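None of these values were measured; they are calculated from a predicted model.
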Amino acid sequence: MAGSDSGGGAGIQADIKTVTALGGYAATAITALTAQDTRDVHGVVGVEPDFIRKQMEVVLADIGADAIKLGMLHDGPVIEAVCDVLENDAAGIPVVADPVMVAKGGARLLSEGAVDTLRGRLLPLARIVTPNVPEAEVLSGMSIGGGSDARAAAVRILELGAAAVLLKGGHMSGDTVADLLVTATDSWVFEHPRIQTTSTHGTGCTLASAIATGIAQGRDLYAAVGGAIDYVLEAIRRAPGYGSGHGPLDHGHPLRPG
């Protein structure tokens, strides 16, 4: 579930490419249409909540799902509709929630009034939530300046009901990026050298979809997250260099080894 990115680098397009490249099957519920390129989001048209609900219901009833990835849910009524279906038609299916709030170019993709709905209604349904630092600051209500802050913020988000939090470290300074995975009983840090590039459009969407694919294929959470991070890093390294802003990744690299 996500918005459509006309530039193809993020949103539902990135989700489908990622799931397919990693050997899964992607069915979709589109929540919004965006006029978007590598530089900015130039317009957004939301899909009516009842139609989003219908997309979910018919696919779940006929095809089913082994995991559900949530991306752009742009306002409170959309979040409420999605949560209704998750509770009534998808009980027991792991949910990977990417709390999309702001696009790479700065455009807001979640209404301010919807944050409380996301916290109170959606997070308790999530097997894992995958915020970046700015999103984690909003969800936790605290500033994040370093590793200890990140851990405290992740714990606060856990307390809102999510079963696990992957707090992504890409917005923090330094030559090493540390992604923090926290559950109620364990925590792990995935460290990797920072790749200096502008080809980072859709990294959050891609990572969440890769995690969902790993979970759907039976991996435990640690393995699903670790494999997804490795996939995204290689997709960044092999980025094709399209556009004049934040360019897309190479989602199809597992299909072209070497």
Side-chain angles (χ1 to χ4, degrees), residues 1-20 26-63 65 68-86 88-90 95-123 125-126 129-132 134-135 138-139 200-209 212 242-249 251:
M1 299 189 57
S4 171
D5 172 7
S6 57
I12 211 78
Q13 286 83 355
D15 297 336
I16 294 171
K17 293 172 188 177
T18 298
V19 174
T20 302
T28 63
I30 296 175
T31 60
L33 307 177
T34 71
Q36 188 172 174
D37 54 23
T38 64
R39 295 167 297 176
D40 204 355
V41 177
H42 302 277
V44 178
V45 176
V47 176
E48 288 294 323
D50 283 346
F51 193 71
I52 296 172
R53 184 195 308 266
K54 180 62 69 176
Q55 292 178 78
M56 296 178 70
E57 289 172 341
V58 298
V59 170
L60 288 167
D62 178 39
I63 300 172
I68 297 174
K69 180 264 181 181
L70 306 179
M72 179 184 174
L73 306 176
H74 49 280
D75 61 24
V78 168
I79 295 172
E80 295 282 8
V82 168
C83 290
D84 287 345
V85 179
L86 293 178
N88 296 329
D89 300 274
V95 173
V96 178
D98 180 22
V100 177
M101 296 182 183
V102 178
K104 193 74 69 180
R108 190 171 185 91
L109 300 177
L110 176 70
S111 66
E112 291 190 30
V115 173
D116 286 344
T117 308
L118 191 153
R119 282 198 196 104
R121 188 83 199 277
L122 180 59
L123 291 187
L125 300 176
V129 59
T130 62
N132 59 30
E135 291 160 350
V138 172
L139 292 176
T200 54
H201 184 52
T203 49
C205 310
T206 301
L207 180 64
S209 288
Y242 298 149
S244 57
H246 294 285
L249 314 183
H251 293 94

I need the minimum non-hydrogen distance between [X] and [Y], along with the two atoms involved.
{"X": "Ala2", "Y": "Lys69", "result": "CB-NZ, 4.1 Å"}
{"X": "Gly8", "Y": "Lys17", "result": "O-NZ, 2.8 Å"}
{"X": "Thr206", "Y": "Ala14", "result": "OG1-CB, 3.8 Å"}
{"X": "Leu60", "Y": "Ala65", "result": "CD2-CB, 4.0 Å"}
{"X": "Ile79", "Y": "Thr117", "result": "CG2-CG2, 3.8 Å"}
{"X": "Ser244", "Y": "Thr38", "result": "N-OG1, 3.3 Å"}

Value rounded to 0.5 Å, distance of [atom1] in [X] from [atom2] in [Y]:
{"X": "Glu135", "Y": "Leu118", "atom1": "CD", "atom2": "CG", "result": "9.5 Å"}
{"X": "Thr18", "Y": "His251", "atom1": "OG1", "atom2": "NE2", "result": "4.0 Å"}
{"X": "Tyr242", "Y": "Asp37", "atom1": "OH", "atom2": "CG", "result": "15.5 Å"}

For this session: Would you check, one step at a time, whether the test side chain to side chain contact (heavy atoms under 4.5 Å, CB included) holds for Cys83 with Leu125?
Result: CA-CA 8 Å; Cys83 290; Leu125 300 176; 3.9 Å; yes
State which residue, out of [options], fulfils the side chain to side chain contact (heavy atoms under 4.5 Å, CB included) condition with [X].
{"X": "Met1", "options": "Thr28, Leu73, Asp15", "value": "Leu73"}
{"X": "Glu57", "options": "Asn88, Asp89, Asp62", "value": "Asp89"}
{"X": "Leu70", "options": "Val96, Leu86, Thr31, Val129", "value": "Leu86"}

Would you call [X] and [Y] a side-chain contact if the rule is heavy atoms closer than 4.5 Å?
{"X": "Val115", "Y": "Val138", "value": "yes"}
{"X": "Ser4", "Y": "Thr34", "value": "no"}
{"X": "Val82", "Y": "Met56", "value": "yes"}
{"X": "Asp5", "Y": "Ile12", "value": "no"}
{"X": "Leu139", "Y": "Met101", "value": "yes"}

Exercise. Is a donor on one side and an acceptor on the other found under 3.5 Å between the side chain of Ser6 and the backbone of Gln36?
Worked result: yes
For this session: Would you confirm whether Asp50, through its side chain, and Arg53, through its main-chain N or O, come within 3.5 Å as a donor-acceptor pair?
Result: no
For this session: For Val44 and Leu33, run side chain to side chain contact (heavy atoms under 4.5 Å, CB included): C-alpha distance rounded to whole Å, both residues' side-chain angles, the deciding distance at 0.1 Å, then the answer.
Result: CA-CA 6 Å; Val44 178; Leu33 307 177; over 6 Å; no
Exercise. Should Arg121 and Asp84 count as an ion pair when the cut-off is N to O under 4.0 Å?
Worked result: yes
Problem set entry | Worked verdict on Arg39 versus His201 for side chain to side chain contact (heavy atoms under 4.5 Å, CB included) | CA-CA 10 Å; Arg39 295 167 297 176; His201 184 52; over 6 Å; no
